[in-house]
Participant: 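Can you read through this structure? Questions will come right after.
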Amino acid sequence: MIGIVFDMDGVIYRGNQPVEGVKDVIKFLRVNKIPFVFLTNNSTRDAKMYKEKLQGMGIEVEEERIITSGYATAQYLNRHFEKGLVFVIGGRGLVEEIKGIGWPVISLEEAKEKWREIRYVVVGMDPQLTYEKLKYGCLAIRNGARFIGTNPDTTYPGEEGILPGAGSIIAALKVATEKEPLIIGKPNEPVFEVVREKLNADKIWVVGDRLDTDMAFAKKIGAKAIMVLTGVNTLEDIEKSEVKPDIVLPSIKELLEYIKVQLEI
């Protein structure tokens with residue numbers, strides 16, 4: 001039995017617009033009982049928020065099928081580290097995930113007084129990024145706080161074009177602190193712990209739009225790497241890259257016929 005891991009930004013939708021054919025693919029998977037999950041490196045929303053976003057586009061997916069880098073980060077913290085004060089540079093979804101495991105999250109105002117007490121600085125995509133956040137994140141990390149990044153994506157695809165991602169914010173702190181962060185999301189293996197728990201399959205296919213995260217992740221976990229061209233990377237990028245997808249499709253729409261041929265359905 002195959003199981004499919006879908007990236008979201010640039011694969012399922014761009015901004016708030018679904019990619020043509022996605023509803024047909026999801027319906028087909030459900031009818032044929034093919035297991036699948038959505039795995040996004042974007043940590044600004046939690047699973048509930050993503051479910052609502054997808055519903056707004058007419059795509060019905062259970063919360064249990066949605067894995068964010070924020071969720072994976074919270075789970076990894078809970079399993080591998082001792083509880084401690086966390087300063088989050090990221091969106092509301094990431095804050096909620098950390099609070100969800102019962103760990104204390106310090107606000108920016110509190111950090112101004114208590115930055116020396118911070119044990120973990122967790123950094124993701126932050127649409128409300130300010131110099132003040134970078135400042136206290138930098139001070140805490142230089143004071144010994146553990147530096148953890150949700151995902152390495154330097155950019156992500158929006159409706160207007162390619163926009164700065166979490167990796168750009170992490171890079172700024174990396175330069176300022178001279179410290180290497182622990183990165184949880186694709187293509188790194190910590191997130192695969194969560195995928196294994198949620199996806200019961202003998203063979204895994206990863207469908208994504210990025211070479212450096214989605215396709216590299218597929219190669220790292222021994223999955224089939226299926227790249228679509230509706231997101232960040234292009235055919236020209238593939239030619240220059242050391243990471244090569246197994247299959248390249250114009251969009252998720254063409255995945256339907258590929259599944260039917262491969263599974264002889």
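Side-chain atoms are counted along with the backbone in the values below, which use heavy atoms only and exclude waters and symmetry mates. As the structure is a prediction and not an experimental result, all values here were calculated from the model.
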Participant: Please report the C-alpha distance between Y258 and W205 in whole Å, then the side-chain angles of each, then the deciding distance to 0.1 Å, and finally whether the ring pair (Phe, Tyr, Trp, His ring centres under 6.0 Å) criterion is met.
Facilitator: CA-CA 12 Å; Y258 181 75; W205 294 3; 5.5 Å; yes
Participant: For the NZ atom on K244, are there more than 12 heavy atoms of other groups (residues, nucleotides or ligands in this structure) within a distance under 6.0 Å?
Facilitator: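 Yes.
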Participant: Could you verify whether a donor N or O on one side chain and an acceptor N or O on the other, from H80 and E193, lie under 3.5 Å apart?
Facilitator: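 The criterion, which ignores hydrogens and geometry beyond distance, is satisfied for E193 and H80.
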Participant: Does K198 have more than 12 heavy atoms from other residues, nucleotides or ligands lying within 6.0 Å of its NZ?
Facilitator: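 Enclosed: over 12 neighbouring heavy atoms sit under 6.0 Å from NZ of K198.
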Participant: Which heavy-atom pair separates S43 from G124 by the least distance, and what is that distance?
Facilitator: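 Minimum heavy-atom contact is OG-CA, 3.7 Å.
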Participant: Do T44 and N42 have side-chain N/O donor and acceptor atoms under 3.5 Å apart?
Facilitator: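 The criterion, which ignores hydrogens and geometry beyond distance, is satisfied for N42 and T44.
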Participant: Any carboxylate oxygen within less than 4.0 angstrom of a Lys/Arg side-chain nitrogen, looking at K174 and E180?
Facilitator: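 Looking at K174 and E180, the cut-off is met.
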Participant: Could you tell me whether K224 sits above the aromatic face of F217, with NZ or CZ closer than 6.0 angstrom to the six-membered ring centre and within 45 degrees of the axis?
Facilitator: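 Judged by the rule (NZ or CZ under 6.0 Å from the ring centre, within 45° of its axis), K224 is not positioned above F217.
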Participant: Could you verify whether a donor N or O on one side chain and an acceptor N or O on the other, from E236 and T234, lie under 3.5 Å apart?
Facilitator: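 Looking only at side-chain atoms, T234 and E236 do form a donor-acceptor pair, the distance falling under 3.5 Å.
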Participant: If you compare all heavy atoms of P245 against all heavy atoms of M215, which two are closest, and at what distance to 0.1 Å?
Facilitator: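 Reported closest heavy-atom pair: CB-SD, 3.8 Å.
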Participant: Got a salt bridge between R79 and E197, using NZ or NE/NH1/NH2 to carboxylate O under 4.0 Å?
Facilitator: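 Answer for the salt bridge query: yes.
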Participant: For K260, look at atom NZ and say whether over 12 heavy atoms of other residues, nucleotides or ligands are found less than 6.0 Å away.
Facilitator: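 Atom NZ in K260 is packed in, count exceeds 12.
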Participant: R210 pairs by side-chain hydrogen bond (donor to acceptor under 3.5 Å, both in side chains) with which of D9, D7, T155?
Facilitator: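 When D9, D7, T155 are each tested with R210, the side-chain hydrogen bond (donor to acceptor under 3.5 Å, both in side chains) holds only for T155.
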Participant: With a cut-off of under 6.0 Å to the ring centre and 45° to the axis, is R196 in cation-pi contact with F192?
Facilitator: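 Yes; both conditions hold, so R196 lies above the ring face of F192.
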Participant: Is it true that the NZ or CZ of R65 lies under 6.0 Å from the centre of F38's six-membered ring and within 45 degrees of the ring axis?
Facilitator: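 Geometry flag: not set, cation outside 6.0 Å or 45°.
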Participant: Out of the candidates L163, N41, V232, I162, only one should pair with Y156 under the side chain to side chain contact (heavy atoms under 4.5 Å, CB included) rule; please name it.
Facilitator: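 Output: one option passes, namely L163.
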Participant: Decide whether N78 and K83 meet the rule of one side-chain donor and one side-chain acceptor closer than 3.5 Å.
Facilitator: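 K83 and N78 do not have a side-chain donor-acceptor pair below 3.5 Å.
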Participant: May I ask whether L249 and I238 are part of the same hydrophobic cluster, defined by side-chain heavy atoms of I, L, V, M, F, W, Y residues being less than 4.5 angstrom apart, directly or through others?
Facilitator: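 Per the 4.5 Å side-chain linkage, L249 and I238 are not co-clustered.
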Participant: K220 and N188: which non-hydrogen atoms are nearest, and at how many Å?
Facilitator: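 Distance-wise, the nearest heavy atoms are NZ-OD1, 4.2 Å.
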Participant: Kindly check if the number of other-residue, nucleotide or ligand heavy atoms within 6.0 Å of NZ (K203) is above 12?
Facilitator: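 No, the 6.0 Å shell around NZ holds no more than 12 heavy atoms from other groups.
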Participant: Under 6.0 Å from the ring centre and within 45 degrees of the ring axis: does the NZ or CZ of K133 meet both conditions for the six-membered ring of F87?
Facilitator: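 K133 over F87 ring: no.
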Participant: Heavy-atom count around K253 NZ within 6.0 Å, excluding the residue itself: above 12?
Facilitator: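 Count not over threshold, so no.
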Participant: So, the side chain of E254 versus the backbone of S251: is there a donor-acceptor pair under 3.5 Å, distance only?
Facilitator: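 Checking the backbone N and O of S251 against the side chain of E254, a donor-acceptor pair under 3.5 Å is found.
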